[in-house]
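Given the structure is predicted, the values throughout are model-derived calculations rather than measurements.
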Amino acid sequence: MAKVNKRLAVLVGCNYPNTQYELHGCINDVVAMKDVLVKRFGFDPTNIELLTDASAVTGEGSSSVVLPTGENIKAALSKMVSQAEAGDVLYFHYSGHGTRIPKPAHIFGHEEAIVPCDFNLITDVDFRQLVNQLPKGASFTILSDSCHSGGLIDKEKEQIGPSTYRAASSLSYKAKNIPFESILEHLTTLTGINTSDIGTHLLESFGANASLKFLTPQLESELFDFLKADEGILLSGCQADETSADMNPMESGGKAYGAFSNAVQMVLKENSGRLSNKEVVMMARKVLEAQGFDQHPCLYCSDENADATFLCQPEAKPY
C-alpha cells in the first residue's frame, strides 16, 4: 500500500481582547482558513491545531483552550516540524500583530517578529531554525497576516518583493502593528528592569522559552553557515516596512477580517484550479489594490517553490 503523505497545519489568531492593542478579525481569519484547508486542500481536521485567545473573552478554562502564547505557538510548530517526512505538506497561518526589532546601532536594519498574546516575541531567527529542521522533500508554507511580515523567514530568497507604488488609502482600519517602543514599555512594567535591551526583558520574563535570537545570539550566524535553497515558503501580508490592515465593518453588520487573509480567501474562491505560490500573492495584491488597501503582499522562497502549487493542492477527483 502506497504511503499517504501527511498534511499538517497550525493556525494562530490573536485578537488581544480587552487591551489597547485589540484587533477584531484575526480569529475569524484562521477559522475560515481551517474550513478551506479541509474542503479544498485535503487536510484532516485532526491534523490542524488551532490556537486563539478567544478564551480571554469567553472565560473558558485552559484545559479546553490552548492560548497563543509564544511558548505554545513554538511548541505547536516544533511538534509539526518534528512529525514531518518527505512529501508532507506543512502550513502555518498567523493573523495578529507584528513588530520590528531594531538591530544594534552598528548594524543597519531591523528584525521581523510576530507578537503572541503574551508578548513573547517569535522572530525571523526562530522561523529560520524551523525551516532548517525540515526533512528533504517536505514543504513548509507560512502565511503571516501581520505588520512588517516581509522577511519573516530570515535570509529566505525574495521572489515578489517591495513595491515602490503607494496608493492614498481612505479606508478606516486598524494596523496590525505594535511599535517596538510599546512592546519595550509593556515588558518593562512586567520585569521592573530599567534597560532598553529587549532581550534582557524577554529572558527575564520567559527564560528558556524566549526567542532563540536572545537565548543564543551566536546561533544566528551558525544557522546560515550552510544556507542553500530550502523548502520554506513565506507569503507575507505586506512588506517589511508596511502595515497590514484589520477590518472591523461593524456598522454594515459584516464580519471583521484581516485584509490579506480575506484577499487570499477571495483568490482561492474565484479560482478553483491549482495556483502557484507566485500567482496567489500577485492575485492577492490585485485584490487589495482594487479594495483600496496600501499594503503589498510579498513572496519569499526558492525559485522552484515560487512556481510550485500553493499547498500542493491535490488534483480534483473526477466525478
Side-chain angles (χ1 to χ4, degrees), residues 2-14 30 33-34 37-38 41-52 62-63 65-96 112-114 116-118 120-144 152-156 202 206-216 218-220 222-235 277 300-302 304-305 308 310-312 314:
K3 173 182 171 291
V4 178
N5 294 327
K6 299 187 296 293
R7 291 175 169 267
L8 310 171
V10 174
L11 313 178
V12 174
C14 292
V30 293
M33 194 63 193
K34 180 178 181 180
L37 292 178
V38 172
F41 293 100
F43 282 69
D44 184 326
T46 61
N47 287 334
I48 300 174
E49 185 164 1
L50 184 67
L51 289 79
T52 76
S62 59
S63 60
V65 176
V66 180
L67 285 171
T69 63
E71 180 181 358
N72 288 342
I73 294 171
K74 287 190 288 188
L77 291 173
S78 294
K79 178 184 175 184
M80 179 171 69
V81 170
S82 70
Q83 293 176 332
E85 300 173 284
D88 289 350
V89 177
L90 280 58
Y91 180 63
F92 174 53
H93 191 125
Y94 173 77
S95 184
E112 290 74 39
I114 61 173
C117 67
D118 63 346
N120 185 7
L121 303 182
I122 302 176
T123 70
D124 49 1
V125 174
D126 297 304
F127 288 110
R128 163 49 58 196
Q129 192 212 30
L130 286 165
V131 168
N132 284 3
Q133 292 174 345
L134 279 178
K136 188 173 179 61
S139 69
F140 185 11
T141 301
I142 297 173
L143 190 154
S144 190
L152 200 55
I153 304 176
D154 205 3
K155 303 295 189 292
E156 194 66 58
L202 289 168
F206 305 108
N209 292 313
S211 169
L212 281 171
K213 174 175 177 57
F214 308 108
L215 280 173
T216 50
Q218 74 278 8
L219 178 68
E220 187 166 357
E222 294 171 9
L223 283 173
F224 312 126
D225 282 350
F226 305 103
L227 202 57
K228 56 186 182 301
D230 56 56
E231 297 307 314
I233 303 165
L234 171 66
L235 289 77
N277 291 304
Y300 298 82
C301 61
S302 66
E304 184 179 353
N305 280 330
F310 178 63
L311 290 182
C312 302

*Take Asp230 and Leu134 through the side chain to side chain contact (heavy atoms under 4.5 Å, CB included) test and state the conclusion after the steps.*
CA-CA 9 Å; Asp230 56 56; Leu134 279 178; over 6 Å; no

Euclidean distance, [Y] [atom2] relative to [X] [atom1], rounded to 0.5 Å:
X      : Y      : atom1 : atom2 : result
Met80  : Asp88  : CE    : CG    : 10.5 Å
Asp44  : Leu37  : CG    : CG    : 11.5 Å
Phe140 : Ile153 : CZ    : CD1   : 7.0 Å
Leu51  : Tyr94  : CG    : OH    : 11.5 Å
Asp126 : Lys213 : CG    : NZ    : 10.0 Å
Leu311 : Ser139 : CG    : OG    : 7.5 Å

*In this structure, which one of Val10, Leu8, Ile142, Leu11 forms a side-chain contact (heavy atoms from CB on, under 4.5 Å) with Tyr91?*
Leu11

*Give the intermediate values and the outcome of side chain to side chain contact (heavy atoms under 4.5 Å, CB included) for residues Ile114 and Leu152.*
CA-CA 8 Å; Ile114 61 173; Leu152 200 55; 3.7 Å; yes

Closest heavy-atom contact between [X] and [Y]?
X      : Y      : value
Ala210 : Asn120 : CA-OD1, 3.6 Å
Leu215 : Gly207 : CD2-O, 3.6 Å
Ala86  : Asn5   : O-OD1, 3.6 Å
Phe127 : Leu77  : CE2-CD1, 4.0 Å
Val30  : Val12  : CG1-O, 3.4 Å
Leu121 : Pro116 : CA-CD, 4.1 Å

Side-chain ([X]) to main-chain ([Y]) donor-acceptor, under 3.5 angstrom:
X      : Y      : result
Lys74  : Asn209 : yes
Asp118 : Gly70  : yes
Thr69  : Asn72  : yes

_What verdict does the side chain to side chain contact (heavy atoms under 4.5 Å, CB included) test give for Phe92 and Ile73, after you've listed the backbone C-alpha separation in whole Å, the side-chain angles of each residue and the deciding distance to 0.1 Å?_
CA-CA 10 Å; Phe92 174 53; Ile73 294 171; 4.1 Å; yes

*asked:* Using side-chain heavy atoms (C-beta onward) and a distance below 4.5 Å, is Ser78 in contact with Leu130?
replied: yes

_Minimum side-chain heavy-atom gap Ser211-Gln129 below 4.5 Å_ = no

*Under 6.0 Å between the ring centres of Phe41 and Phe310?*
yes

*Compute whether any side-chain donor of one residue and acceptor of the other, for Glu231 and Asn305, lie under 3.5 angstrom apart.*
yes

*Is Arg128 paired with Glu156 through a side-chain N to carboxylate O contact shorter than 4.0 Å?*
yes

